[in-house]
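It should be emphasised that the depicted structure is a prediction, and the values quoted were computed from it without experimental measurement.
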Amino acid sequence: MQVHTRTGSRAFDVAEPVTVAAHASRRWSLDTLLGCFTDATHVHRFGVRGYESVTVTLSGEDGVVADAVHLVSGPARALERTVGLTAALGSCRCAGPGRPSR
């Protein structure tokens with residue numbers, strides 16, 4: 001598990017061995033995993049918000065099984081319908097087997 005600040009630096013990086021049976025789930029609090037009180041959700045308003053995201057990765061013998069990112073306070077910016085990108089389709093110059101010629 002990694003906890004990141006607003007600047008992207010890692011405030012905490014914790015590895016905890018767990019066993020999860022098939023179709024089961026497990027749940028921990030951030031404070032339990034870190035072993036200290038963090039006010040990660042900023043509910044107590046102790047100073048400025050310290051953490052922006054928590055990334056959890058579940059790994060097995062064959063590598064990464066699942067991962068998830070939680071934005072502690074939601075998106076930092078409002079969602080936008082577009083970012084202003086456009087694309088244009090040009091002519092295809094590489095005609096050959098399985099490729100259209102134009």
### Query
H23: what forms a ring pair (Phe, Tyr, Trp, His ring centres under 6.0 Å) with it, not counting sequence neighbours?
none
Would you say [X] and [Y] make side-chain contact, with heavy atoms under 4.5 Å?
{"X": "D39", "Y": "R45", "result": "no"}
{"X": "V54", "Y": "V72", "result": "yes"}
{"X": "E52", "Y": "H4", "result": "no"}
{"X": "V18", "Y": "L58", "result": "yes"}

### Task
Verify the cluster assignment for V3 and V69: are they in a single hydrophobic cluster under the rule of side-chain heavy atoms below 4.5 Å apart?
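No, V3 does not connect to V69 through the hydrophobic network.
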### Message
Applying a strict under-4.5 Å side-chain criterion to I, L, V, M, F, W and Y, I'd like to know whether L71 and L30 cluster together.
### Response
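They do not share one cluster, since no chain of ILVMFWY contacts under 4.5 Å joins L71 to L30.
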### Message
I'd like to know if the side chain of S59 pairs up with that of T57 as donor and acceptor (distance under 3.5 Å, no hydrogens or angles considered).
### Response
no
Is it true that a side-chain atom of [X] and a backbone atom of [Y] form a donor plus acceptor pair closer than 3.5 Å?
{"X": "D31", "Y": "T38", "value": "yes"}
{"X": "R26", "Y": "T19", "value": "yes"}
{"X": "D13", "Y": "Q2", "value": "no"}

Rounded to the nearest 0.5 Å, how far apart are [atom1] of [X] and [atom2] of [Y]?
{"X": "S53", "Y": "R6", "atom1": "OG", "atom2": "CZ", "answer": "11.0 Å"}
{"X": "M1", "Y": "T55", "atom1": "CE", "atom2": "OG1", "answer": "10.0 Å"}
{"X": "T32", "Y": "R27", "atom1": "OG1", "atom2": "CZ", "answer": "12.5 Å"}

#### Entry: side chain to side chain contact (heavy atoms under 4.5 Å, CB included) between L34 and V14, intermediate numbers included
CA-CA 7 Å; L34 297 178; V14 177; 3.4 Å; yes
### Query
How are the rings of F12 and Y51 set to each other: parallel, tilted or perpendicular (split at 30° and 60°)?
tilted
#### Entry: Nearest heavy atoms of A11 and T5, plus distance in Å
CB-CG2, 4.0 Å
### Message
Quick check: closest heavy atoms across V65 and G60, and the distance to 0.1 Å?
### Response
CG2-N, 3.7 Å
